[in-house]
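Worksheet for the structure shown next.
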Amino acid sequence: VIVCISEGIPVNDMVKVKATLADYDCVLLGPNCPGVITPRECKIGIIPAHVHNRGTIGTLTNRGTISGGGYGIANTAAGISTTLTNESGGTISSASWSGIFNNGTISTLTNSGTISGTAGIFNDGAGTTSNRTGGSIGTLTNSGTISGNTYGIHNTGMIGTLTNRG
């Protein structure tokens with residue numbers, strides 16, 4: 001695996017690199033790629049290891065900005081988040097998918113800021129091999145803005161109580 005973290009490389013130069021690498025048993029990620037990470041297993045590139053978690057997050061409170069290309073926050077099948085709070089002035093967003101993607105468990109999600117993406121919140125009920133029930137949000141309370149290009153909240157999982165004052 002070759003990770004190219006540089007920005008601004010001319011396309012024609014990368015086409016030549018790609019052609020050269022075709023003769024070798026390797027994969028090129030990039031250019032303009034921060035790398036690849038599997039928490040506690042492998043880290044390649046410049047992604048800081050401390051921002052990735054597999055497992056349980058007790059409390060996550062956001063007063064600033066959390067954003068990503070695919071997801072602002074992804075709480076996946078093995079993930080458990082007890083309390084996720086996006087405070088006034090806080091933004092959780094995605095450029096191409098959902099501000100918050102959940103197919104794990106979030107006990108309490110409180111928003112008084114902004115959550116946005118193609119789907120503001122995508123609570124996925126499809127489940128996986130390790131999590132047959134899919135996404136679960138015990139209590140979702142909104143006094144801010146949850147918006148999406150397609151859905152504000154897309155729920156195919158379970159939301160116990162939803163209160164909207166936004």
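Between atom CD1 of residue I2 and atom OH of residue Y24 there is a gap of 9.5 Å, rounded to the nearest 0.5 Å. Taking CG of N102 as the reference point, atom CG of N155 lies at 9.5 Å (rounded to 0.5 Å). If you take CD1 on I100 and OG on S93, they are separated by 10.5 Å, rounding to the nearest 0.5 Å. Between the CD1 atom of I9 and the SG atom of C4 there is a distance of 3.5 Å, given to the nearest 0.5 Å. Here T82 contributes atom OG1 and I57 contributes atom CD1; the two are 9.5 Å apart, rounded to the nearest 0.5 Å. Rounding to the nearest 0.5 Å places OG1 of T156 at 9.5 Å from CD1 of I159.
Cluster membership check: V3 shares its hydrophobic cluster with V27, using side-chain heavy-atom separations under 4.5 Å among Ile, Leu, Val, Met, Phe, Trp and Tyr.
Annotation for S112 and S88: closest pair OG-N, 3.0 Å, computed over non-hydrogen atoms. The heavy-atom pair separating I146 from G120 by the smallest distance is CG2-CA, 4.2 Å. Across every non-hydrogen atom of C26 and L21, the tightest pair is SG-CD2, 3.8 Å.
In this structure, the side chains of H154 and D124 stay at 4.5 Å or more apart for every pair of heavy atoms. Looking at I73 and L84, their side chains come closer than 4.5 Å, going by heavy atoms from C-beta outward. A heavy-atom distance below 4.5 Å is not found between the side chains of I92 and T114. Inter-residue side-chain proximity for L60 and I66 is flagged as met; some heavy-atom pair is nearer than 4.5 Å. The shortest distance between side-chain heavy atoms of L140 and T161 does not fall below 4.5 Å. Using a 4.5 Å heavy-atom cutoff, the side chains of T141 and L109 are not in contact.
Applying the salt bridge (charged side-chain N to carboxylate O under 4.0 Å, His left out) test to pairs two or more places apart or on separate chains, none has a residue in residues 136-163.
For N75 (side chain) and T105 (main-chain N/O), a donor-acceptor pair under 3.5 Å exists by modelled atom type. Between the side chain of T85 and the backbone N or O of E87, no donor-acceptor pair lies under 3.5 Å. Of the possible polar contacts, none joining the S81 side chain to the I106 backbone as a donor-acceptor pair under 3.5 Å is found.
Partner of N86 under the side chain to side chain donor-acceptor pair (under 3.5 Å) criterion, chosen from T61, T110, N111: N111.
Ring geometry for Y71 against W97 counts as perpendicular: the plane angle is over 60°, on a 0 to 90° scale with 30° as the lower cut.
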